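Beneath this line is the structure, given in structure tokens, with notes to follow.
The structure displayed is predicted, hence computed values, not measured ones.
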Amino acid sequence: SKPAEDGRLEPLRARIAVRAFAADGARAALADEQAISLRAHSLGGLDLLSDPAGPNQGLALWTGLDKGEPQVFLTALGADGKRGQQRMLTRKSGDTSTVSGLAVDGGYLVTWVDERSGDAEVYASRVGRTLEKAGPEQRITTSDGAASELILTRVAGKPYAIWADARAATQPGWADIYGAFLRPADAARDGGEHRLSSTVPHSFAPHVSALEGTSILAWI
């Protein structure tokens, strides 16, 4: 019966908040903690994009419930971490997990995993600087077997999605690592998929870093 700090009476879920800190050695806090949501869907995780060239200093990607269904949300952030414009990107049924994004010329690419088809598949969308959709959502994977642990990075300067995929697994849930380039103009897949690991045991938790002009992929 008592409203939460956002004024709503609905049950609380996962809390997402940000706080800005100075870039110098002291790392002093620049502002108080700013709540983004008190009702986030924790399976979606959180991704923060820095985009000094855009109208906002950053963008938070996360998932929350709308009418009982997990959807992808975008929240613009100022330099002090304060919440700006917020938009619900998806309107679909089925669970949602693992949001990841990338700033590109004129906007952002947003990727996530959802189960609207009954199987966990990778989807992507291009949005503009003001968070409006720039085209239809793109389905990146179409195979049986759950996709998970998606990240969006750059390889050779081009957007590249990497995920764990349990297709054709010898044991339920055992995955290999896959990747695919995405077109920055519309978030569609650019060419075929790449099977980046092929092992009998479960491969998961991919991570990419740049080293002397080369992209290094690591996983467990």
Side-chain angles (χ1 to χ4, degrees), residues 1-21 29-51 56-102 108-125 127-128 130-133 136-141 145-152 161 163-166 172-173 175 187 204-205:
S1 61
K2 182 180 179 181
E5 62 185 88
D6 60 0
R8 295 166 60 186
L9 296 173
E10 299 173 18
L12 297 176
R13 295 178 63 85
R15 176 188 177 94
I16 296 178
V18 297
R19 176 175 288 174
F21 291 85
L30 299 178
D32 294 333
E33 178 185 287
Q34 306 290 329
I36 294 177
S37 177
L38 307 179
R39 307 167 207 284
H41 184 61
S42 60
L43 289 178
L46 172 68
D47 198 10
L48 291 176
L49 309 184
S50 176
D51 186 17
N56 311 295
Q57 291 297 307
L59 183 68
L61 315 177
W62 53 284
T63 64
L65 293 189
D66 180 73
K67 299 179 181 178
E69 296 286 357
Q71 309 292 352
V72 177
F73 285 82
L74 312 176
T75 304
L77 302 174
D80 56 0
K82 287 186 177 180
R83 187 174 73 179
Q85 181 185 13
Q86 184 165 287
R87 185 179 297 273
M88 188 171 77
L89 181 66
T90 59
R91 298 180 185 275
K92 50 78 192 166
S93 60
D95 209 350
T96 306
S97 64
T98 321
V99 294
S100 186
L102 196 66
Y108 309 92
L109 295 185
V110 181
T111 59
W112 66 94
V113 174
D114 78 43
E115 299 180 8
R116 69 183 74 179
S117 68
D119 194 26
E121 303 286 355
V122 178
Y123 292 82
S125 183
V127 299
T130 56
L131 310 188
E132 77 284 357
K133 266 189 178 179
E137 295 173 7
Q138 306 285 348
R139 183 170 172 174
I140 306 303
T141 61
S148 63
E149 300 180 311
L150 171 68
I151 58 173
L152 186 59
W163 65 96
D165 202 312
F204 63 101

Side-chain heavy-atom pair [X], [Y] within 4.5 angstrom cut-off:
X	Y	answer
E132	V127	no
W163	T98	no
L77	L48	yes
L89	K133	yes

How close do [X] and [Y] get, heavy atom to heavy atom, and via which atoms?
X	Y	value
A146	D119	N-OD1, 3.8 Å
A4	L38	CB-CD1, 3.9 Å
A76	L131	N-CD1, 4.2 Å
A187	L109	CB-CD2, 3.9 Å
A120	V113	CB-CG1, 3.8 Å

Between [X] (side chain only) and [Y] (backbone N and O only), is there a donor and an acceptor less than 3.5 Å apart?
X	Y	result
T63	P70	no
D47	L61	no
T141	V122	yes

Can you name the residues that form a side chain to side chain contact (heavy atoms under 4.5 Å, CB included) with [X], not counting sequence neighbours?
X	answer
A164	S148, E149, A175, I177
K82	Q34, D80
R139	S117, E121, Y123, T142
A20	L30

I'd like to check the salt bridge (charged side-chain N to carboxylate O under 4.0 Å, His left out) partners of [X]; sequence neighbours left out, ordered by chain and number.
X	result
D66	none
R8	E10
E5	R15

Please enumerate all residues that pass side chain to side chain donor-acceptor pair (under 3.5 Å) together with [X], with sequence neighbours excluded.
X	value
R116	D114, E137
R19	none
D32	none

Got a second to check how far [X]'s [atom1] is from [Y]'s [atom2], nearest 0.5 Å?
X	Y	atom1	atom2	result
L150	T111	CG	OG1	4.0 Å
W112	T90	CH2	OG1	6.5 Å
F73	T96	CZ	OG1	10.0 Å
L59	L102	CG	CG	11.5 Å
R87	T75	CZ	OG1	11.5 Å
S37	I16	OG	CD1	6.0 Å

- Item | Worked check of side-chain contact (heavy atoms from CB on, under 4.5 Å) between V99 and L46 | CA-CA 7 Å; V99 294; L46 172 68; 6.0 Å; no
- Check E69, Q71, E115 against K92 for a side-chain contact (heavy atoms from CB on, under 4.5 Å) and give me the one that passes.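 Exactly one candidate clears the test, Q71.
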- Message: Working note: E33 + V18, criterion side-chain contact (heavy atoms from CB on, under 4.5 Å); need CA distance, chi angles, decisive distance, verdict.
- Response: CA-CA 6 Å; E33 178 185 287; V18 297; over 6 Å; no
